[in-house]
Number of protein chains: 2
Amino acid sequence: MDNKEKLRKVGLRPTKQRMIIADILLDGINRHFTAENLQNEINSSGNSMSIATIYNCLKKFRNCGLIKQVESSKDTAIFDTNINQHHHFLDEETGELIDIENDEVNLHKLPKIPQGYLNNGVEVLIKIKKQI
Amino acid sequence: MDNKEKLRKVGLRPTKQRMIIADILLDGINRHFTAENLQNEINSSGNSMSIATIYNCLKKFRNCGLIKQVESSKDTAIFDTNINQHHHFLDEETGELIDIENDEVNLHKLPKIPQGYLNNGVEVLIKIKKQI
DNA sequence: CAAGTAGTTTAGAACGATTTTAAAGTAAAA
DNA sequence: TTTTACTTTAAAATCGTTCTAAACTACTTG
Ligand SMILES: [Mn+2]
Ligand SMILES: [Mn+2]
Ligand SMILES: [Zn+2]
Ligand SMILES: [Zn+2]
């Protein structure tokens, strides 16, 4: 399925701008990135795009499930092209995130979900720091 | 140990402002809050404080281990008075966080920490959503 | 295809959270 | 007590992100 179809399938019009972003993000390679990182990649690919459009697209892509947004206490939003349930190592010094595939973690015991709520995904974050 | 001692012990001068904040935060009750939430509590207690001072103190308190900062993709920083290793339920709709005590989760299998790094804490986030 | 219309892009302004500045104030050290 | 280093503050600055409103474009309908 090409990117045009992927966009159509989630109900997004395949505009020129969304196709440029899809060509960068939906190539099957997992990456973590900010809006500014993406703008740099767009520029490097010989294109250019308003930062407002980049934010618009990232929000649409995220809401349609084409990408995820990472929970992060940094002040810049971090997005993730790995949309499978998975986990992360985080180096808090540098902010670097490393994927952990779902089957590398085994949660033996989980607490009861609060009354009236449904489980909507479990994420494990392993904070790491450089050995001295 | 009173709050003045607690501050001294972590190497912070017990200034008037830090004592006001310590009196609110270090009362043994676990809570999640923003800088603005705290400013409101300070105001309600009959005191007042510059927002810059509140941010200064929260950063110092966090760096000294008196409070934690939660990983959150919201744009406002969320702090946590529960400094034990623990986990959270997150309602992504509302942003509400609920503590999960450490012994309510059992991680059976963990991935190998990357070469040259040390494990610096594991956090489990269980996203929940309201049942319809 | 030819309108029509609903959705999209954009530059720039606006916004909200946080940090910086620099001057005045305070705690601890000498 | 004097000195020194640290802290607080209001206000300005900064930074990431969203809003505005006008121009543009993809899709729909005839
Ligand atoms: Mn955040
Ligand atoms: Mn932000
Ligand atoms: Zn990831
Ligand atoms: Zn907590």
Side-chain angles (χ1 to χ4, degrees), chain A residues 2-24 32-43 45 47-64 66-80 95, chain B residues 2-24 32-43 45 47-64 66-80 95:
Chain A
D2 67 3
N3 288 335
K4 191 171 282 196
E5 284 183 81
K6 281 187 194 159
L7 292 176
R8 285 230 166 82
K9 199 160 120 180
V10 296
L12 293 179
R13 287 187 181 179
T15 63
K16 178 165 167 275
Q17 289 77 0
R18 287 176 185 160
M19 287 299 293
I20 291 168
I21 291 181
D23 287 345
I24 292 172
H32 305 115
F33 63 97
T34 65
E36 197 194 350
N37 295 156
L38 178 57
Q39 191 171 44
N40 291 336
E41 284 203 66
I42 290 167
N43 292 339
S45 75
N47 294 290
S48 79
M49 205 176 296
S50 161
I51 192 67
T53 302
I54 292 173
Y55 278 106
N56 286 344
C57 287
L58 288 175
K59 203 182 285 190
K60 292 265 189 189
F61 278 35
R62 182 198 58 198
N63 292 344
C64 293
L66 295 173
I67 63 175
K68 285 183 167 189
Q69 183 171 354
V70 176
E71 297 291 328
S72 162
S73 55
K74 301 189 60 179
D75 52 11
T76 306
I78 299 171
F79 297 89
D80 193 340
Chain B
D2 68 2
N3 289 334
K4 191 172 281 195
E5 285 183 79
K6 281 186 195 161
L7 292 175
R8 285 231 166 82
K9 201 160 118 179
V10 297
L12 293 178
R13 288 186 181 179
T15 63
K16 179 165 167 276
Q17 289 77 2
R18 287 175 185 160
M19 287 299 292
I20 291 169
I21 290 181
D23 287 344
I24 293 171
H32 304 115
F33 63 98
T34 65
E36 198 193 349
N37 295 156
L38 178 57
Q39 190 170 45
N40 291 336
E41 283 203 68
I42 291 167
N43 292 339
S45 76
N47 294 290
S48 78
M49 204 176 296
S50 160
I51 192 68
T53 302
I54 292 173
Y55 278 107
N56 287 343
C57 288
L58 288 174
K59 205 183 283 191
K60 293 266 188 190
F61 278 36
R62 182 197 59 198
N63 292 343
C64 294
L66 295 173
I67 62 174
K68 285 183 168 190
Q69 182 171 356
V70 176
E71 298 290 329
S72 161
S73 54
K74 298 188 62 181
D75 52 10
T76 305
I78 299 171
F79 296 90
D80 193 339

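Remember, predicted model here, so these are calculated numbers, not experimental data. So you know, we letter chains A, B, ... as the sequences are listed, proteins then strands, and number each from 1.
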With the side chain counted from C-beta on, respond yes when [X] and [Y] share a heavy-atom pair under 4.5 Å apart, and no when they do not.
| X | Y | value |
| --- | --- | --- |
| Glu36(A) | Thr76(A) | no |
| Phe33(A) | Asn40(A) | no |
| Ile21(B) | Met49(B) | yes |
| Leu7(A) | Leu66(A) | yes |

For nucleotides 20-22 of chain C, tabulate all protein N/O to nucleotide N/O atom pairs closer than 3.5 Å, reporting atom names and distance.
none

Within less than 4.0 Å of OP1 or OP2 of [N], is there a side-chain N or O belonging to [X]?
| X | N | result |
| --- | --- | --- |
| Gln17(B) | dG25(C) | no |
| Thr53(B) | dT9(D) | yes |
| Lys60(B) | dT7(D) | yes |

Could you give the CE-to-C1' distance, from Met49(A) to dT8(C), as a whole number of Å?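 Whole-Å distance recorded here is 12 Å.
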Let me know the distance between CD1 of Ile21(A) and C1' of dT8(C), rounded to the nearest Å.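 So the CD1-C1' distance, Ile21(A) to dT8(C), works out to 12 Å.
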Arg18(A) side-chain N/O to Arg13(A) backbone N/O, donor-acceptor pair under 3.5 Å: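 Pair found, side chain donor or acceptor close to backbone of Arg13(A).
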Measure from the side-chain N and O atoms of Asn3(B) to the backbone N and O of Lys6(B), and report whether any donor-acceptor pair falls under 3.5 Å.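 Checked: no pair found.
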Would you mind building the protein contact string for nucleotides 21-30 of chain D? One character per nucleotide, 5' to 3', B for base within reach (heavy atoms under 4.0 Å), S for sugar-phosphate only, - for untouched. -----BS---
By nearest atom, which of the nucleotides dT9(C), dT9(D), dT17(D) is closest to the Ala77(A) side chain?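 For the Ala77(A) side chain, the nearest candidate turns out to be dT17(D).
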Working note: Asn56(B) + Thr53(B), criterion side-chain hydrogen bond (donor to acceptor under 3.5 Å, both in side chains); need CA distance, chi angles, decisive distance, verdict. CA-CA 5 Å; Asn56(B) 287 343; Thr53(B) 302; 5.0 Å; no
